[in-house]
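Read the structure below first, then the notes.
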Amino acid sequence: MAPHNLPPSDGTPALADFSVDLTAQEVQRQAQVLAALGPDWDPMEVMRGEEAAYDLLYSGLDEEQQRLYDDLVAAGVLPPRGGGHAAA
């Protein structure tokens, strides 16, 4: 036993050195995710689709919804869109 792992003099058990290197598992997980996405996966197209979905979500707001949206943007809860206002 290494000197830094000696049990304390009060009789409590010593802590065991426990470490796990997850690097190999993380590399394997990433490879499996990319394989599942397939060769046709286009991250930029996904981002454009998400932006279009957000534009649609915040479009056509009535006055009260627009006020609430503006309050949430001002509070930093939502990012500003379309010059600070939801899309018309």
Side-chain angles (χ1 to χ4, degrees):
M1 188 179 284
H4 62 279
N5 285 339
L6 292 174
S9 59
D10 63 3
T12 58
L15 297 176
D17 182 31
F18 182 77
S19 62
V20 178
D21 182 7
L22 297 176
T23 305
Q25 288 84 359
E26 181 60 22
V27 169
Q28 182 180 13
R29 185 199 64 80
Q30 184 180 18
Q32 290 171 342
V33 167
L34 292 174
L37 290 171
D40 297 329
W41 181 63
D42 181 1
M44 292 308 296
E45 182 60 32
V46 171
M47 295 288 288
R48 285 189 290 273
E50 286 183 9
E51 288 298 316
Y54 280 118
D55 289 343
L56 184 60
L57 177 65
Y58 297 118
S59 66
L61 301 179
D62 64 27
E63 287 182 27
E64 177 64 17
Q65 292 168 331
Q66 185 67 52
R67 185 195 60 75
L68 180 59
Y69 172 83
D70 292 339
D71 289 347
L72 290 172
V73 169
V77 175
L78 291 174
R81 304 185 69 78
H85 293 281

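In what follows, every heavy atom counts, from backbone to side chain, and hydrogens, waters and symmetry copies are set aside. In what follows, residues are counted from 1 in the order of the sequence shown.
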*At what distance, to the nearest 0.5 angstrom, does OH of Y69 lie from CG of D62?*
14.5 Å

_CG-OH distance between L78 and Y54, expressed to the nearest 0.5 angstrom_ = 9.0 Å

Applying the 4.5 Å side-chain criterion to the ILVMFWY set and letting contacts propagate, would [X] and [Y] be lumped into a single cluster?
{"X": "F18", "Y": "L22", "result": "yes"}
{"X": "L56", "Y": "Y58", "result": "no"}
{"X": "V77", "Y": "L57", "result": "yes"}
{"X": "M47", "Y": "W41", "result": "no"}

*For E45, what residues pass the side-chain contact (heavy atoms from CB on, under 4.5 Å) criterion, not counting sequence neighbours?*
D42, R48

*Can you name the residues that form a salt bridge (Lys or Arg N to Asp or Glu O under 4.0 Å) with E63, not counting sequence neighbours?*
none

*Give the C-alpha distance, both sets of side-chain angles, the deciding distance and a yes or no for side-chain hydrogen bond (donor to acceptor under 3.5 Å, both in side chains) between Q66 and D70.*
CA-CA 6 Å; Q66 185 67 52; D70 292 339; 3.0 Å; yes

*Pairs meeting criterion salt bridge (Lys or Arg N to Asp or Glu O under 4.0 Å) with involvement of residues 71-80, two or more places apart*: R67-D71

